[in-house]
Structures are given as C-alpha cells and as structure tokens.
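Here is the structure we will look at, set down as structure tokens.
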Number of protein chains: 2
Amino acid sequence: MTYTAQIKVMPLKDLLDPQGKAVLGGLKNLGLLDVSDVRIGKHIDLKIEAADKESAMQLASDAAKKFLANPVMEVYEIAIN
Amino acid sequence: MTYTAQIKVMPLKDLLDPQGKAVLGGLKNLGLLDVSDVRIGKHIDLKIEAADKESAMQLASDAAKKFLANPVMEVYEIAIN
C-alpha cells in the first residue's frame with residue numbers, strides 16, 4: 001500500500017532561529033504587530049510503499065534520523081496517513 | 001490570548017520540486033528504496049496575540065498571503081491552536 005508520511009523538522013526550542021527572527025521583523029514591518037514569535041522549519045512529504053502503517057512509520061523514522069533531521073539542532077515529528 | 005498558528009507552505013503539485021528530487025536521490029543511496037516521492041516545503045510556527053481564534057486565523061492568513069507564501073509557486077495550510 002502507499003502511505004504518505006508527513007515529517008515536520010523544527011529547530012530545537014533552546015536554539016536561536018535567525019530565519020524566524022528575520023521573518024518576525026518582516027511581519028512587523030508589514031504592520032502585523034500581534035505576532036510575537038516565529039520559528040521556521042521544514043515540512044517533508046514522503047510517499048512510501050509499505051505493507052502496513054508500522055513499517056511505513058519505521059521507514060519514515062529511519063529517513064528522518066539518518067538524513068532529514070540533524071539531531072544536534074532539530075527535532076522531528078512524523079505523521080503517517 | 002496567545003494562539004499558535006502552524007502554517008505549512010508546500011510547492012504546488014504541478015511544479016517540479018528540485019529539492020525534493022535531490023532528497024529522494026539521497027534516500028535511495030541510503031538504501032531506503034521504498035520511498036517513491038518527496039516534496040519539501042516550509043513549516044512556520046507563529047505566536048499570535050489575539051482576542052479569539054477567528055482573529056488569530058485572520059492574522060495568520062494575512063501573514064501567509066502577504067509574506068510567507070508565494071501564490072504563484074506555493075500553497076499554504078493554516079492550523080490554529
């Protein structure tokens with residue numbers, strides 16, 4: 001069966017996110033003053049051929065661990081559907 | 001109240017996603033052969049001060065339209081919580 005894995009990779013909470021800071025500045029300049037914090041990460045959609053949801057999850061988690069996320073700086077969340 | 005808006009910005013389905021293609025190649029090289037398609041977009045978390053959920057949604061949608069997504073190449077989805 002074909003599953004879609006949605007992987008969200010975000011910078012760790014304790015780390016500075018310069019891209020987010022820059023976007024926050026841009027939003028303020030546009031007049032959107034009620035935004036107080038911005039954090040920017042990646043969203044990755046994988047199409048996976050797998051026998052069941054568990055093995056799709058396993059493969060997505062492998063991909064995230066080995067390749068898509070840098071554990072020193074990022075956390076990831078995976079949703080399969 | 002403080003709301004968190006999660007904005008997912010993805011390249012349009014009909015457009016080539018060269019970053020996704022490169023990652024697909026990388027995953028195949030790692031031996032993850034059951035992945036058939038990869039698309040990569042941005043995930044943006046906004047912290048928003050707003051009176052209610054509707055106005056938070058309004059602000060997030062403003063930000064996405066004016067600044068965060070390029071409607072020629074990207075689609076966005078917003079979730080408020």
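Numbered from 1 within each chain, the chains take letters A, B, ... in sequence-line order.
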Any pair with a residue in residues 49-59 of chain B that passes salt bridge (charged side-chain N to carboxylate O under 4.0 Å, His left out), sequence neighbours left out, goes on the list, sorted by first then second residue, please. none

What part of [X] gets closer than 4.5 Å to chain A, counting heavy atoms only: side chain, backbone, both or neither?
{"X": "B:Leu46", "result": "both"}
{"X": "B:Leu68", "result": "side chain"}
{"X": "B:Gln6", "result": "side chain"}

What is the distance from atom [atom1] of [X] to atom [atom2] of [Y], rounded to the nearest 0.5 Å?
{"X": "B:Leu32", "Y": "A:Gln58", "atom1": "CG", "atom2": "CD", "value": "10.5 Å"}
{"X": "B:Lys47", "Y": "A:Asp34", "atom1": "NZ", "atom2": "CG", "value": "15.0 Å"}
{"X": "B:Ile44", "Y": "A:Met10", "atom1": "CD1", "atom2": "CE", "value": "8.5 Å"}
{"X": "A:Lys42", "Y": "B:Lys42", "atom1": "NZ", "atom2": "NZ", "value": "13.5 Å"}

Can you hop from [X] to [Y] via hydrophobic side chains spaced under 4.5 Å?
{"X": "B:Leu33", "Y": "B:Leu24", "result": "no"}
{"X": "B:Met57", "Y": "B:Met1", "result": "yes"}
{"X": "A:Leu16", "Y": "A:Ile40", "result": "no"}
{"X": "B:Leu12", "Y": "B:Met73", "result": "yes"}
{"X": "A:Tyr3", "Y": "B:Leu27", "result": "yes"}

Toward chain B, the part of A:Ile48 with a non-hydrogen atom under 4.5 Å: both

Counting only non-hydrogen atoms closer than 4.5 Å, does A:Ala63 touch chain B with its backbone (N, CA, C, O), its side chain (CB onward), both, or neither? both

So which of A:Asp62, A:Thr4, A:Leu59 has the largest heavy-atom pair count under 4.5 angstrom toward chain B? A:Leu59

Mind ranking B:Ala50, B:Ala56, B:Gly26, B:Gly41 by heavy-atom pairs under 4.5 Å with chain A and telling me who comes out on top? B:Gly41

Taking all heavy atoms of B:Phe67 and all of A:Leu30, pick out the closest pair and write down the distance.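 Minimum heavy-atom separation between B:Phe67 and A:Leu30: CB-CD1, 3.7 Å.
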
